[in-house]
Amino acid sequence: MGGHEQKYVEEAFRTNWIAPLGPNVNLFEQAIQDYIKQDVQVAALSTGTAAIHLGLELLGVSKGDEVLCQSFTFSASANPIMYLGATPVFVDSETSTWNMCPILLREAIVDRISKGKKPKAIVAVHLYGMPYQVMEIRAVADEFDIPIVEDSAEALGSAYQGINCSSFGDIGILSFNGNKIITTSGGGALVTKNENIKQKAVFLATQARDNAPHYQHSQVGYNYRMSNVLAGIGRGQMEVLDERVAARRSNFDFYKSSLDNFEEIEFLNEPAGFFSNRWLSCILTPTYEIRETIRLALLEEDIESRPLWKPMHCQPIFEKFPNYVSGISEELFQRGLCLPSGSNLNTADLERVVTIIIKELTR
Ligand SMILES: Cc1ncc(COP(=O)(O)O)c(C=O)c1O
């Protein structure tokens, strides 16, 4: 926590706003809007997953539709496609950002259309905080007039050409889950430039209650709004977001400068114009075996590290769905490792990690 969170939570208690609405919710939304800029409107929700679900629904996705989704991601990018009874179609990554490959995306769209179904939406992800190729993905989406859900769950504080992530999609989403760069313990947000979309998101997130003195409902709603207590945590966290980004980037710089001399270790560099919050510091090793040797050596010292995300097209739940893959995400999964990346790590912590890795590389 940054320092002021408790004050805002106490405010909620003192004023008895213990509900999924109230001043903290409004002020948290305002703080995010002021941070992202680009005239965005923000709806604070219970989770990032809920934001993707509402986003897809608001873009008109329904039963039987197809939705293109980055394969190299966390399952929460794809699960809401299933909630809506739609079919995910997975697209592999390119090597410069590890995110959705615009060439494969185009191929996938052309092929789906030739098979008789134009995809309804694209879920593109800024994985580990690295922006996807925003301009190229947008160009393909516009060519075929398909809207984008911009999954910025891991990318608050990241930017492309100086513009903050979550403002590029037709709908953007953020996550404030406990592991994210800032947190409300659990929480998310839907980001849009359209006031009408924000109002519809809030309407659906509060059980789709019609404007009537009694309880009346003309469509199915959800209980997805953020609690005013948790939004108090969010207000405090927004005050330290830039510090958190600096801390995560400094972790990455430490790892990179310490391991740069070892040709076995590769890092994902920022292409020109890309700014990553470096939510997690990741490395690539030459082989699965070396990756595992390092992971297990760290574990032996009680240090947790994790393989990169296992692609969705390889997951038992999703492997039966169509995919357009090149092998890149599978290779990243085999060879990649997320190193300890918390914003509270100190130099001694980072040195411990690096020392163990170097020991394994020089064995
Ligand atoms: C890429 C990605 N998308 C979506 C989510 C879902 O966010 P939440 O945990 O807030 O539901 C997460 C994180 O959990 C994520 O990493």
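For ligands, and for the atoms within them, numbers begin at 1 and follow the listed sequence.
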K.L.:
What's the shortest heavy-atom distance between Met1 and Thr183, and which atoms?
P.N.:
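Residues Met1 and Thr183, closest heavy atoms: CE-CG2, 3.9 Å.
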
K.L.:
Using the ring pair (Phe, Tyr, Trp, His ring centres under 6.0 Å) criterion, which residues pair with Phe72? Sequence neighbours excluded.
P.N.:
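Phe72: no ring pair (Phe, Tyr, Trp, His ring centres under 6.0 Å) contacts found.
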
K.L.:
Tell me if a side-chain donor or acceptor on Ser71 pairs with a main-chain N or O of His313 at a distance below 3.5 Å.
P.N.:
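Side chain of Ser71 to backbone of His313, a donor-acceptor pair under 3.5 Å: yes, one is there.
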
K.L.:
Which residue holds the protein heavy atom closest to atom 3 (N) of ligand 1, what is that atom called, and what is the gap in Å?
P.N.:
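Nearest neighbour among protein heavy atoms for atom 3 (N) of ligand 1, to 0.1 Å: Asp151 OD2, 2.7 Å.
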
K.L.:
Say whether Gly48, considering both its backbone and side-chain N or O atoms, lies within less than 3.5 Å of an N or O atom on ligand 1.
P.N.:
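There is such a contact, yes.
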
K.L.:
May I ask you to list the atoms of ligand 1 that are less than 4.0 angstrom from any heavy atom of Thr73?
P.N.:
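Counting from 1, the qualifying ligand atoms are 1 (C).
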
K.L.:
Please find the pair of heavy atoms, one from Met100 and one from Glu94, that lie closest to each other, and give the distance.
P.N.:
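Scanning both residues completely, I find the closest heavy atoms to be O-CG, 3.9 Å.
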
K.L.:
What's the shortest heavy-atom distance between Ala51 and Leu190, and which atoms?
P.N.:
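Reported closest heavy-atom pair: O-CD1, 3.7 Å.
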
K.L.:
With a heavy-atom distance limit of 4.0 Å, tell me whether Val125 approaches ligand 1 through its side chain, its backbone, both, or neither.
P.N.:
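Side chain only; the backbone of Val125 stays clear of ligand 1.
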
K.L.:
Using a 4.0 Å cutoff against the non-hydrogen atoms of Ala76, which atoms of ligand 1 qualify?
P.N.:
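This gives 4 (C), 5 (C), 6 (C) as the contact atoms.
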
K.L.:
Ala153 heavy atoms, cut-off 4.0 Å: which ligand 1 atoms fall inside?
P.N.:
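With Ala153 as reference, the close atoms of ligand 1 come out as 2 (C), 3 (N), 4 (C), 5 (C), 12 (C), 15 (C).
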
K.L.:
Could you walk me through whether Glu143 and Arg106 pass the salt bridge (charged side-chain N to carboxylate O under 4.0 Å, His left out) test, one step at a time?
P.N.:
CA-CA 9 Å; Glu143 180 183 347; Arg106 194 173 188 287; 2.4 Å; yes

K.L.:
Tell me whether ligand 1 is touched by Ser77 - counting only heavy atoms on the residue side and a distance under 4.0 Å.
P.N.:
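Judged by the 4.0 Å heavy-atom criterion, Ser77 does count as contacting ligand 1.
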
K.L.:
Against heavy atoms of Gly187, which atoms of ligand 1 measure under 4.0 Å?
P.N.:
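Selected atoms, number and element: 10 (O).
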
K.L.:
Parallel, tilted or perpendicular: which describes the rings of His53 and Tyr224, with under 30° parallel and over 60° perpendicular?
P.N.:
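Correct class here is perpendicular.
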
K.L.:
Measure up the Tyr215 and His217 rings against each other and bin them: parallel (under 30°), tilted (30 to 60°), perpendicular (over 60°).
P.N.:
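Plane angle under 30°, so parallel.
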
K.L.:
Which bit of Thr47 gets closer than 4.0 Å to ligand 1, counting heavy atoms only: side chain, backbone, both or neither?
P.N.:
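The answer is both.
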
K.L.:
Can you confirm whether the side chains of Gln30 and Asn26 place a donor and an acceptor under 3.5 Å from each other?
P.N.:
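No donor-acceptor contact under 3.5 Å links the two side chains.
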
K.L.:
Does even one non-hydrogen atom of Ala50 get within less than 4.0 Å of ligand 1?
P.N.:
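Heavy atoms of Ala50 never come under 4.0 Å of ligand 1.
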
K.L.:
Looking only at distances, can you tell me whether any N or O atom of Lys180, backbone or side chain, sits closer than 3.5 Å to an N or O atom of ligand 1?
P.N.:
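Indeed, backbone or side chain, Lys180 has an N or O that close.
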
K.L.:
Specify side chain, backbone, both or neither for Thr49, according to which of its non-hydrogen atoms lie closer than 4.0 Å to ligand 1.
P.N.:
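The answer is both, backbone and side chain.
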
K.L.:
Mark up the atoms of ligand 1 that fall under 4.0 Å of a heavy atom belonging to Ser175, in ascending order.
P.N.:
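Within the 4.0 Å cut-off of Ser175, ligand 1 contributes 7 (O), 8 (P), 9 (O), 10 (O).
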
K.L.:
Does any N or O of ligand 1 fall below 3.5 Å from an N or O anywhere on Glu154, backbone included?
P.N.:
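Indeed, backbone or side chain, Glu154 has an N or O that close.
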
